[in-house]
Amino acid sequence: QVQLVESGGGLVQAGGSLRLSCAASGSIASIEAMDWHGQTPGRRGVVVASISSGGSTNYLASVKGRFTISRDNAKNMVYLQMNSLNAEDTAVYYCFADLWRRFGTRGDYWGQGTQVTVSS
């Protein structure tokens, strides 16, 4: 059984920062890609940031230069450092992992989400 749990969301003023964390646990052999997705009623399933097993990253254009995704492969964790936050960043952020389970099977997993609210 594999589980992803996010933490670190909250209420922050515009211009502030938050650091989101996602911990993967269970029957994991290795993790390929890990993503952070932002979901609002007006924006569904948008990939905000992604990182490959080798550490290459991609970002939504609107967060480039402000957000940084990173991972700790030894701990099966992924992070999203969010700086210079603005109201448009308000969303529920979900962690996603494309991973290999033990004994050679592959699957996709989602966390429960963590709310980020940016106030002016």
Side-chain angles (χ1 to χ4, degrees):
Q1 193 81 345
V2 176
Q3 183 173 333
L4 272 59
V5 179
E6 302 102 330
S7 62
L11 176 64
V12 64
Q13 290 186 317
S17 297
L18 288 172
R19 184 175 177 85
L20 307 184
S21 299
C22 173
S25 61
S27 185
I28 299 168
S30 63
I31 301 177
E32 281 291 329
M34 300 188 80
D35 302 343
W36 286 99
H37 293 237
Q39 186 268 319
T40 68
R43 188 188 71 191
R44 302 174 183 177
V46 174
V47 179
V48 176
S50 64
I51 185 166
S52 73
S53 60
S56 62
T57 59
N58 282 290
Y59 296 93
L60 185 68
S62 61
V63 310
K64 288 180 180 178
R66 300 189 296 118
F67 291 9
T68 302
I69 187 171
S70 60
R71 63 191 288 170
D72 185 334
N73 292 330
K75 299 184 185 300
N76 288 332
M77 295 192 70
V78 64
Y79 308 92
L80 187 67
Q81 179 66 47
M82 310 167 71
N83 297 328
S84 301
L85 286 161
N86 57 58
E88 289 69 46
D89 298 318
T90 295
V92 179
Y93 285 81
Y94 293 89
C95 177
F96 167 86
D98 169 14
L99 58 81
W100 290 93
R101 295 181 291 268
R102 295 173 188 170
F103 310 113
T105 59
R106 191 167 181 171
D108 296 340
Y109 292 88
W110 295 87
Q112 84 285 356
T114 186
Q115 176 72 50
V116 172
T117 302
V118 184
S119 63
S120 61

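- Listed by first and then second residue, the disulfide bond (SG atoms under 2.5 Å apart) pairs involving residues 79-120 are Cys22-Cys95 (not counting sequence neighbours).
- The distance from the OG1 atom of Thr68 to the CE atom of Met82 is 11.0 Å, given to the nearest 0.5 Å.
- Linking ILVMFWY residues whenever their side-chain heavy atoms come closer than 4.5 Å, directly or via other members, places Phe96 and Val92 in the same cluster.
- In the hydrophobic clustering of this structure, Phe67 does not group with Leu11; members are Ile, Leu, Val, Met, Phe, Trp, Tyr whose side-chain heavy atoms approach within less than 4.5 Å, directly or through other members.
- Partners of Val12 according to the side-chain contact (heavy atoms from CB on, under 4.5 Å) rule, which considers only residues two or more places apart in sequence or in another chain, are Leu18, Leu85, Val118.
- In this structure, Trp100 has no ring pair (Phe, Tyr, Trp, His ring centres under 6.0 Å) partners at least two apart in sequence or on a different chain.
- Distance alone, capped at 3.5 Å, places no donor-acceptor pair between the Arg71 side chain and the Ala33 backbone.
- Applying the side chain to side chain donor-acceptor pair (under 3.5 Å) rule to Gln115 yields the partners Thr117; only residues at least two apart in sequence or on another chain are considered.
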Pair Asn58, Val47 - check side-chain contact (heavy atoms from CB on, under 4.5 Å), show working.
CA-CA 9 Å; Asn58 282 290; Val47 179; over 6 Å; no
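- Annotation: the span from Leu99 atom CG to Ile28 atom CD1 amounts to 5.5 Å, rounded to 0.5 Å.
- A distance of 11.5 Å separates CG in Asp35 from OG1 in Thr57, rounded to the nearest 0.5 Å.
- Atoms CE and CG, on Met34 and Asn73 in that order, are 9.0 Å from each other to the nearest 0.5 Å.
- Under the side-chain contact (heavy atoms from CB on, under 4.5 Å) criterion, Asp72 pairs with Ala74, Lys75, Tyr79, sequence neighbours left out.
- Note on Ile31: it does not cluster hydrophobically with Met77, by side-chain heavy-atom contacts below 4.5 Å among ILVMFWY residues.
- Ile51 and Trp110 fall into different hydrophobic clusters, defined by Ile, Leu, Val, Met, Phe, Trp and Tyr side-chain heavy atoms under 4.5 Å apart, directly or through other members.
- Residue pairs meeting the disulfide bond (SG atoms under 2.5 Å apart) criterion with at least one member in residues 44-80: none, sequence neighbours excluded.
- Residue pairs meeting the salt bridge (charged side-chain N to carboxylate O under 4.0 Å, His left out) criterion with at least one member in residues 108-120, sequence neighbours excluded, do not occur.
- Listed by first then second residue, pairs satisfying side-chain hydrogen bond (donor to acceptor under 3.5 Å, both in side chains) with a partner in residues 11-34 read Ser17-Asn83, Arg19-Gln81, not counting sequence neighbours.
- Listed by chain and number, the residues in a side chain to side chain donor-acceptor pair (under 3.5 Å) with Asn86 amount to none (sequence neighbours excluded).
- Ile69 and Val5 are assigned to two separate hydrophobic clusters, defined by single-linkage of ILVMFWY side chains at heavy-atom distances under 4.5 Å.
- Under the 3.5 Å distance criterion, the side-chain polar atoms of Glu6 are matched with a main-chain donor or acceptor of Gln112.
- Within the structure, disulfide bond (SG atoms under 2.5 Å apart) contacts touching residues 26-84 (residues at least two apart or in different chains) do not occur.
- Qualifying ring pair (Phe, Tyr, Trp, His ring centres under 6.0 Å) partners for Tyr59, counting only residues two or more places apart in sequence or in other chains: none.
- Judged as a side-chain hydrogen bond (donor to acceptor under 3.5 Å, both in side chains), the pairs with a partner in residues 89-99 (not counting sequence neighbours) are, in order, Arg66-Asp89, Asp98-Arg106.
- The side-chain heavy atoms of Arg101 and Val2, taken from C-beta on, include a pair separated by under 4.5 Å.
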